[in-house]
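Here is how names work: the chains are called A, B, and so on, in the same order as the sequence lines, proteins then strands, and each is numbered from 1. The analysis underlying the following values was restricted to heavy atoms, covering all of them including side chains, and did not include hydrogens, waters or symmetry mates.
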Amino acid sequence: MMLAIKEAASDMSPYVRKTAAHAIPKLYSLDSDQKDQLIEVIEKLLADKTTLVAGSVVMAFEEVCPERIDLIHKNYRKLCNLLIDVEEWGQVVIISMLTRYARTQFLSPTQNESLLEENPEKAFYGSEEDEAKGPGSEEAAAAALPTRKPYVMDPDHRLLLRNTKPLLQSRSAAVVMAVAQLYFHLAPKAEVGVIAKALVRLLRSHSEVQYVVLQNVATMSIKRRGMFEPYLKSFYIRSTDPTQIKILKLEVLTNLANETNIPTVLREFQTYIRSMDKDFVAATIQAIGRCATNIGRVRDTCLNGLVQLLSNRDELVVAESVVVIKKLLQMQPAQHGEIIKHLAKLTDNIQVPMARASILWLIGEYCEHVPRIAPDVLRKMAKSFTAEEDIVKLQVINLAAKLYLTNSKQTKLLTQYVLSLAKYDQNYDIRDRARFTRQLIVPSEQGGALSRHAKKLFLAPKPAPVLESSFKDRDHFQLGSLSHLLNAKATGYQELPDWPEEAPDPSVRNVEVPEWTKCSNREKRKEKEKPFYSDSEGESGPTESADSDPESESESDSKSSSESGSGESSSESDNEDQDEDEEKGRSSESEQSEEEGEKKKMKKRKKVPEGQREGSSSDEGSDSSSSSSESEMTSDTEEEQVEPASWRKKTPPSGKSAPAAKEISLLDLEDFTPPSVQPLSPPTVVSTSLAADLEGLTLTDSPLVPSLLSPVSGAGRQELLHRVAGEGLAVDYTFSRQPFSGDPHMVSVHIHFSNSSDTPIKGLHVGTPKLPAGISIQEFPEIESLSPGESTTAIMGINFCDSTQAANFQLCTQTRQFYVSIQPPVGELMAPVFMSENEFKKEQGKLTGMNEITEKLTLPDASRSDHVVVQKVTATANLGRVPCGTSDEYRFAGRTLTSGSLVLLTLDARPTGAAQLTVNSEKMVIGTMLVKDVVQALTQ
Amino acid sequence: MIHSLFLINSSGDIFLEKHWKSVVSRSVCDYFFEAQERATEAENVPPVIPTPHHYLLSVYRHKIFFVAVIQTEVPPLFVIEFLHRVVDTFQDYFGVCSEPVIKDNVVVVYEVLEEMLDNGFPLATESNILKELIKPPTILRTVVNTITGSTNVGDQLPTGQLSVVPWRRTGVKYTNNEAYFDVVEEIDAIIDKSGSTITAEIQGVIDACVKLTGMPDLTLSFMNPRLLDDVSFHPCVRFKRWESERILSFIPPDGNFRLLSYHVSAQNLVAIPVYVKHNISFRDSTSLGRFEITVGPKQTMGKTIEGVIVTSQMPKGVLNMSLSPSQGTHTFDPVTKMLSWDVGKINPQKLPSLKGTVSLQAGASRPDENPTINLQFKIQQLAISGLKVNRLDMYGEKYKPFKGIKYMTKAGKFQVRT
């Protein structure tokens with residue numbers, strides 16, 4: 001058998017190797033003595049580079065030698081990169097194995113231990129990490145590489161997180177759950193949130209899947225409540241849900257309840273209480289109790305609600321409420337004498353033993369608050385003592401003892417009666433208790449030392465119980481595992497190790513390629529299929545996707561680099577590798593064109609941040625030279641050396657800044673790409689937003705505002721009154737785009753008067769405006785006199801009420817009245833707002849459907865550059881630029897002045913000139929007009 | 001991993017068992033039966049049951065329990081997902097998945113199960129590959145097999161397993177090349193007593209039926225891809241294209257498959273296409289109650305609402321109901337207390353209503369809660385979220401395929417609280 005497996009493990013066909021991997025655990029279960037030999041085979045198969053084998057061999061690894069974590073080191077990066085192409089079942093196994101691996105090899109991302117970067121390599125990786133975080137932070141990161149962050153995530157750690165993220169979109173619930181637990185256990189706090197959406201999606205699945213997912217969500221929601229809060233409503237319960245799902249959802253809802261959402265949660269709970277499912281009702285009452293303990297503000301409301309439930313006709317409901325009320329009262333007994341009295345009255349009716357016991361305990365504990373009622377209750381209970389359940393009997397004894405201590409005059413006889421009854425009870429527990437109590441409270445001749453402390457013993461202040469979720473401590477089990485679900489260790493469960501104090505040496509994962517692998521590598525590559533997805537690197541995330549990080553590409557020895565290399569070489573140079581080309585087949589064609597497209601983009605973008613690049617490239621170059629020379633060189637070196645050179649041919653501008661080309665080919669690749677990751681034309685972004693900010697601050701025409709965003713509207717000066725019609729008085733107006741000082745809802749209009757007659761014009765003012773509904777005018781102060789040839793400016797504010805209706809008013813001089821009207825272009829009815837890309841997307845998501853207006857247009861050659869587009873748009877409409885990750889998308893945001901509704905404008909321009917303009921606004925009329933205006937401006 | 005699989009019907013008989021490792025005695029199922037007894041309804045059986053030596057993971061579909069036995073730690077979803085995949089495969093093979101059908105095709109069932117798991121680890125679960133390995137039964141083939149004594153097992157290894165696109169068979173040939181896509185959206189909603197929406201969300205799927213020759217490479221683009229908030233793909237979809245361009249680009253599997261399922265972002269207001277007016281009251285004094293429901297269209301974008309079915313679980317105290325519908329038929333099952341009213345099409349001019357009285361158990365107190373009303377309906381040619389497919393293109397093959405896209409809106413879990 002062993003021989004057969006060994007042979008099959010080195011077979012040409014990956015399918016045979018896969019089945020060999022399957023055979024390993026079989027043989028192991030038959031004959032565990034062969035473990036060492038089998039481990040050798042596993043080691044060999046782990047090095048396999050095909051996706052088909054990866055899943056099966058990791059499964060074998062988990063069954064045979066899960067403790068040999070050292071076998072993974074060399075294959076870690078490869079597994080991460082292959083992950084996306086492995087079949088679903090394999091993905092689950094690999095992810096959970098990698099979770100354990102990462103726990104042993106990387107530092108906890110949540111700890112704030114400062115880890116100073118001693119070596120440039122670390123600093124270099126630091127920048128990579130920042131890039132992954134989002135396009136916004138890159139420039140800063142590129143500029144200030146070293147020692148900006150106290151904790152630097154190991155690049156391999158980051159690689160794992162990045163490569164698993166797309167799998168959240170998998171159709172298989174098991175894969176999604178596996179990724180979710182990986183993120184929960186490994187990701188920094190800020191990034192865990194991404195899994196919530198995917199998990200909530202799983203709640204739509206079969207009820208068994210829901211059950212498992214909800215268990216895990218319940219655990220997560222205790223630790224990271226914020227994560228699921230936006231999805232609160234997804235956990236609302238339907239009457240058709242199975243009971244177990246209802247109870248789990250209730251658990252989650254309770255965990256998610258906080259100060260702000262508690263009213264809605266409680267309202268939901270209220271409807272649940274009327275459900276037919278009694279188990280569920282009981283759980284709801286418990287949940288209300290937990291909400292009340294956790295959130296002090298609603299404690300009284302909850303308590304009142306529960307007291308009302310006491311008059312419910314269903315006994316179970318009443319009993320459950322009593323139990324919960326008891327717990328709540330323990331927290332603040334003083335104020336609730338009334339409730340205790342109410343409960344005392346209920347003893348006649350309630351039959352559920354647990355509830356009776358709870359009431360008795362409460363009365364006993366707080367007998368001082370109800371001094372008159374307590375003895376009476378004891379009297380009643382003494383009467384029915386023999387018929388009670390054991391648990392009630394115990395509490396009767398308890399009550400009797402407490403009353404005897406506080407109010408012995410009234411209750412002495414009763415207590416003795418109860419104790420005598422208990423003495424002859426059938427249950428020895430009760431007999432014991434009675435004997436014990438009697439010794440304690442009734443002082444005997446021996447004068448027991450204990451009885452002196454009886455009061456202390458019985459009436460000691462007791463700490464209030466903490467109502468906790470049963471999922472509280474479950475997270476020490478790996479989420480998504482069977483053990484977690486059962487809250488007990490299952491056979492074969494591998495403990496999730498704690499984070500190490502010190503990071504183990506990361507260099508163990510570096511792969512220096514020994515000679516033999518290199519050869520077999522070449523051979524293998526002939527038959528190795530190319531993964532369907534162009535490379536796992538590029539897929540990894542939305543922000544860093546398109547331009548796959550050169551660093552990780554170079555350090556991952558396996559496919560990704562070899563492929564991107566081959567892809568480029570086959571499409572661009574003649575030195576292509578024939579083997580590779582053949583096996584790539586048809587499916588890669590489209591990708592090649594994609595790659596080419598990307599390169600074009602890079603080229604285009606490269607021009608923009610030229611200055612910045614110059615600065616960063618030099619020091620980055622030195623950093624990376626040291627890192628890449630360390631050991632990251634791969635088996636594909638020769639190829640890559642060919643490739644960047646050819647690349648450079650195609651991209652002439654890079655030549656001038658690239659230092660002496662050939663010997664640092666890899667490196668060159670690295671310093672070439674970063675600029676392309678930069679958001680497009682950062683200076684523009686900054687200035688626009690800056691301008692928007694500035695406009696909010698200054699009231700005068702500020703010289704600080706860059707000319708790009710002209711302070712004056714693109715419409716320029718408009719004529720209000722021609723000099724002929726005005727008998728020498730010429731009046732123009734402009735929209736200054738500054739907030740009007742008196743009223744933020746008003747558009748401020750600068751009115752320029754010039755007197756071209758030869759007599760002074762006196763007493764210029766606005767006379768009785770005739771305005772449509774809603775529009776109002778803040779007049780400018782009267783201009784006393786305007787001498788011939790002189791001109792002056794006045795500012796007036798008009799609230800157009802978010803419409804483009806003209807404001808008609810009279811312009812009066814001492815002698816004449818002129819009817820004038822100001823009609824605003826739609827773009828002037830808004831003010832820029834500054835928001836981040838994410839905020840923008842979020843807002844845009846809210847404004848779809850009817851609120852979205854889309855128009856296609858073709859940009860003329862003249863207006864294809866960034867600068868022109870931005871200028872034209874901002875000239876047409878008073879909007880603020882929103883930074884944007886992709887090159888040919890432009891985003892602008894503003895709010896209408898009167899109603900403050902958002903106006904979001906997106907322009908998606910293709911290099912070919914085709915473009916699509918989208919405006920999202922609640923005000924559809926404004927949206928439509930704005931689209932028209934902007935299209936006109938852009939196509940001119 | 002997975003040791004054994006037991007199939008148990010609703011009357012508690014084990015009618016099929018399959019073991020991948022050593023044989024686990026049937027008696028392990030006793031623990032399952034115990035749990036089943038404890039849970040009053042089939043849905044309430046816990047999916048994971050620990051026993052002293054084994055763990056039983058079960059799914060309940062088509063009135064059959066699929067119980068997997070495992071011995072060691074394994075992610076429970078892994079097993080549950082696999083069991084669902086087994087059910088899907090059966091359905092794919094035999095059209096329906098029911099006890100008689102499984103019994104009729106027991107040979108194929110065993111063959112399929114044997115291929116799906118190897119030593120308890122899933123091996124071939126893509127239906128395209130399985131069908132190459134084991135041919136689905138047809139009448140002709142059954143006849144031939146009985147005569148010649150051959151089996152359905154294919155004699156060669158499926159080529160797809162080794163190819164770049166493991167989900168697609170190679171050498172597919174059709175005379176009519178067709179690609180159909182169904183955009184189906186479901187509205188999940190909870191409407192409260194007064195008719196206001198508590199939660200409403202739209203979940204959608206795109207199911208495809210692609211019968212194209214060769215290795216076509218399809219791209220599907222949307223007019224408004226931004227609507228899709230959260231998506232999950234069939235493995236064939238290139239994730240990268242979606243991330244960067246919001247275009248679905250894929251080499252489709254052959255036949256029926258689910259291309260995409262999505263969730264429309266929760267912030268969007270959901271148009272609720274129907275409303276329910278209800279007046280249900282039970283009186284304490286007499287043992288009679290009043291019952292009245294009217295269903296009407298709300299925001300339907302001019303489309304008619306079809307296939308409306310109203311169901312409601314009445315409280316236990318209800319003995320019988322005497323109702324008269326203005327349209328459609330209604331039934332009330334006095335045992336399960338389930339009222340169901342098949343309304344059919346809603347005519348906006350004449351709203352369907354169901355009126356009558358409810359007789360309650362004499363002496364029993366008034367039920368303290370009103371029943372919730374579950375609603376099912378269908379609207380053809382409308383995707384309620386407004387999602388629209390822009391275009392479908394094919395690359396890689398020369399011929400011109402016939403393309404079709406259908407939209408439909410359905411009620412998902414649509415509940416009205418009364």
(Q) Can you confirm whether A:V213 sits close enough to B:L77 that some side-chain heavy atom of one is under 4.5 Å from a side-chain heavy atom of the other? (A) yes
Q. Which bit of B:F82 is near chain A, if near means a heavy-atom gap under 4.5 Å: side chain, backbone, both or neither?
A. both
Q) In terms of side-chain geometry, is the basic nitrogen of B:D230 or A:K197 positioned less than 4.0 Å from the acidic oxygen of its partner? A) no
Q: For residues B:Y60 and A:E208, report the shortest heavy-atom separation together with the two atoms involved.
A: N-OE2, 2.8 Å
Q | Taking every non-hydrogen atom, the tightest pair across B:P47 and A:Q244 | A | CD-OE1, 3.8 Å
Q | Salt bridge B:R417-A:E268, side-chain N to carboxylate O under 4.0 Å | A | yes
Q: Against chain B, label A:E852 side chain, backbone, both or neither, depending on which of its atoms sit under 4.5 Å from a heavy atom there.
A: side chain
(Q) Do the side chains of A:R171 and B:E126 get close enough for a salt bridge, i.e. N-O under 4.0 angstrom? (A) yes
Q: Just do the salt bridge (Lys or Arg N to Asp or Glu O under 4.0 Å) check on B:R85 and A:E88 with the steps written out, would you?
A: CA-CA 12 Å; B:R85 206 61 71 81; A:E88 291 158 1; 2.9 Å; yes
Q) chain A heavy atoms under 4.5 Å from B:A189: which part of the residue, side chain, backbone, both or neither? A) backbone
Q. Is any side-chain heavy atom of B:N374 less than 4.5 Å from a side-chain heavy atom of A:R238?
A. no
Q. What residues, two or more places apart in sequence or in another chain, satisfy side-chain hydrogen bond (donor to acceptor under 3.5 Å, both in side chains) together with A:R267?
A. none
Q. Within the distance-only criterion (no hydrogens, no angle test), does the side chain of B:E201 pair as donor or acceptor with the backbone N or O of A:S234 below 3.5 angstrom?
A. no
Q: Taking all non-hydrogen atoms of both residues into account, name the closest pair between B:N119 and A:H22 and its distance.
A: ND2-O, 4.1 Å
(Q) Working to the nearest 0.5 angstrom, can you tell me the gap between A:R201 CZ and B:Y262 OH? (A) 14.0 Å
Q. Distance only, no hydrogens: is a donor on one side chain within 3.5 Å (strictly under) of an acceptor on the other, for A:S207 and B:E43?
A. no
Q) For the ring pair A:W89 and B:F78, is the centre-to-centre distance below 6.0 Å? A) yes
Q.
With chain A as the partner, which of B:Q313, B:Q203, B:M223 has the greatest number of non-hydrogen pairs under 4.5 Å?
A. B:Q203
**Q.** Salt-bridge contact A:R204-B:E186 (side-chain N to carboxylate O under 4.0 Å)
**A.** yes
Q) Is it the backbone or the side chain of A:E843 that comes under 4.5 Å from a heavy atom of chain B, or both, or neither? A) neither
